[in-house]
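Okay, structure first, notes after.
Computed over heavy atoms, backbone and side chain alike; hydrogens, waters and symmetry mates excluded. We number each residue from 1, following the sequence as shown.
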Amino acid sequence: MIDRRDDDELSLRWSGRVSLTPRILAVNIFALALLAGGFFYLDSYRSRILDSRIVQSTSEARLIAEALLSVAPERSDALMLRLARDTGARLRLFDPEGRLTADTRTLGLRNVVLQDPDKQDWGQRSARFLDAVIDTVVGAARAPLYRERGDGQDWPDVRAARPGGPAHATVWRAPDRTPVITAAAAVPGHGVVMMTSNATDITQTVRVERFRLSVVLLIVALVSILLSLFLARTIVRPLRRLARAAVRVRLGRAREVVVPRLPSRRDEVGMLARALSDMSLALRARIDATEAFAADVTHEMKNPLASMRSAIDSLSMVRDADLQERLLAIVRDDVHRLDRLITDISEASRLDAQLSRARFEPVDVAAVIVGLVAQREQRGLERGVRLRFDKPWATPLRVMGDGARLERVFENLVENAISFSPDLGLIKITAEADELDVTVYVDDEGPGVPEEAREQVFSRFHSLRPEGEAFGKHSGLGLAIARTIVEGHQGGIAVTGREDGLSGARFAVTLPLASQR
């Protein structure tokens, strides 16, 4: 029966429909996507650089305005050229009406030249394309395109500059996507000075950092994919092998299906492989035992059926009344034998299932044996056989189990001992307990069990009968049933010779104490 709670806990909803390999890859790629968030950091990094460059440009514009104010008008051109060379910027001076009165480019210094993107190589074009893609992804603000303007009133920085006020700066976008910074400061009595610089170094720095991040991301991606594939190989492949082996076991198309045990693995997959292998071996053993049991049942039932058929066929041809009575006696014995055999076979075949469903309770083994001995003596013991139970009264003999099944164990052992005991023989039952187990011994005075046959006597339909016993009085399942019941109670049963060295067999049944369960 499937436990719905376990099924709900182990279900993965939609992800349970996807193979483990893409799931492992997806998890690792998700981690890489988080690493790719570094491109957002690059946009923040670029913004901080631009902010610091704007502050620098406004400071320089204000200093240049003060420098121009401190020199004579005839020396202002030379000073502008020198300052333009030192700052790397293009300087322009506008009069109070906004007309251009001086320009370092007109004076012969072309230190700020914007690049024509159509004349650049494919590497620069690729870099600009990546710039545009990343700016779109990260949602970066797009600066206005830089264009030359003749009148000072067309420049927002010139219009915003006021005598005694702070310098004003604006960030523009060059045709090749590099930033252009303009800053203007008022020169009292002379107008406004404006400096223009193409901050290509900012774009170059960001591109270098982006390249480094891309290299790191690529390396990490390759390593992550390889590790994911390795992890998928070490998990998914053995699981698929185990699944295929389990399907072959289920279909039963191969008699000897080898489920890989993966002995070198000590992880959960190895534990699963060994558990499945042990399960398949146990299942195969159970199937083999069932087939052998069916074959044994067929063989055991054919004997009384053949005897019965022969007797019935002979009845129609026999006219002697005494002979007819003997034939009818044979038929009755065969019917009783079949009835006993069918009863024992039915119990043996259902015993495992019944024990798995049985509810174990504390059972006093001594009380079970006392009741069994009294009941057997009341029915009478053939051939003068005696039965005695020596109980250790000071020691509790409680075990967890099914009382009726445990009684059947000791009943089968007693019946086996009676059948092998000589006339007037003594069957002695003793019990002892230690800190863990209860052990019950059944000793008889029969011929004993040969050492080479001490394991076989617990096999189903094993026939090792005493001399003189009529054929068919026992089904050969009594000791097999006893072992099944004892092992179902986590105990053990074995046969040895008597401890006193006399002739006879000693059967020992060991069961765990109830306090230790």
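Salt-bridge annotation for Arg332 and Glu325: present, with a side-chain N of the basic residue lying under 4.0 Å from a carboxylate O of the acidic one. Of the charged side-chain nitrogens involved, none lies within less than 4.0 Å of a carboxylate oxygen, so that Arg388 and Glu445 do not count as a salt-bridged pair. Electrostatic pairing of Arg376 and Glu415 counts as a salt bridge here, judged by a charged N lying under 4.0 Å from a carboxylate O.
Between Ile493 and the options Thr510, Leu479, Leu413, Val440, a side chain to side chain contact (heavy atoms under 4.5 Å, CB included) holds for only Leu413. Partner of Arg46 under the side chain to side chain contact (heavy atoms under 4.5 Å, CB included) criterion, out of Ile202, Thr203, Asp131: Ile202 alone.
Here the side chains of Arg408 and Arg405 are not in contact, with every heavy-atom distance at 4.5 Å or above. The shortest distance between side-chain heavy atoms of Leu406 and Val399 falls below 4.5 Å. A heavy-atom distance below 4.5 Å is found between the side chains of Tyr45 and Thr205. Within the 4.5 Å cutoff, no side-chain heavy atoms of Asn412 are placed close to those of Ile485.
For the atom pair Glu432 CD and Asp390 CG, the distance stands at 12.0 Å (nearest 0.5 Å). With rounding to the nearest 0.5 Å, the separation of CG in Asp443 from CD1 in Ile427 is 10.0 Å. Atom OH of residue Tyr441 and atom NZ of residue Lys428 lie 12.0 Å apart, to the nearest 0.5 angstrom. Considering CZ of Phe211 and CD of Gln204, their distance stands at 11.5 Å, rounded to 0.5 Å. Taken to the nearest 0.5 Å, the CD atom of Gln375 stands 6.0 Å off from the CD atom of Glu407. For the atom pair CD of Glu361 and CG of Asp402, the computed distance is 8.5 Å after rounding to the nearest 0.5 Å.
The two residues Leu436 and Asp434 have their closest heavy-atom pair at N-OD1, 2.9 Å. Between Leu424 and Arg386, the shortest heavy-atom distance links the atoms O-NH2, 3.1 Å. Counting all heavy atoms, side chain and backbone alike, Arg383 lies closest to Ile418 at NH2-O, 2.6 Å. Scanning both residues, Val495 and Ala505, for their nearest heavy atoms gives CG2-CB, 4.2 Å. Of all heavy-atom pairs between Ala417 and Val442, the closest is CB-CG1, 4.3 Å. Closest heavy-atom contact between Pro512 and Asp437: CA-OD1, 3.4 Å.
Shown here is Glu382, whose CD atom has more than 12 heavy atoms of other residues, nucleotides or ligands within 6.0 Å.
Using modelled atom types, no side-chain atom of Asn416 and backbone atom of Ser419 make a donor-acceptor pair closer than 3.5 Å. Here the side chain of Arg125 pairs a donor or acceptor atom with the backbone of Gln120 at under 3.5 angstrom. Between the side chain of Ser421 and the main chain of Gly446, no donor-acceptor pair closer than 3.5 Å is present. Under the 3.5 Å distance criterion, the side-chain polar atoms of Arg498 are matched with a main-chain donor or acceptor of Asp444.
Between the side chains of Arg48 and Ser44, at least one donor-acceptor pair of N or O atoms lies under 3.5 Å.
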Intermediate values then yes/no, side chain to side chain contact (heavy atoms under 4.5 Å, CB included), Glu209 and Val206: CA-CA 5 Å; Glu209 294 300 324; Val206 172; 5.8 Å; no
Worked check of side chain to side chain contact (heavy atoms under 4.5 Å, CB included) between His489 and Val363: CA-CA 12 Å; His489 287 73; Val363 177; over 6 Å; no
CA sep, side-chain torsions, deciding dist, call: Val449, Phe420, side chain to side chain contact (heavy atoms under 4.5 Å, CB included): CA-CA 10 Å; Val449 181; Phe420 282 96; over 6 Å; no
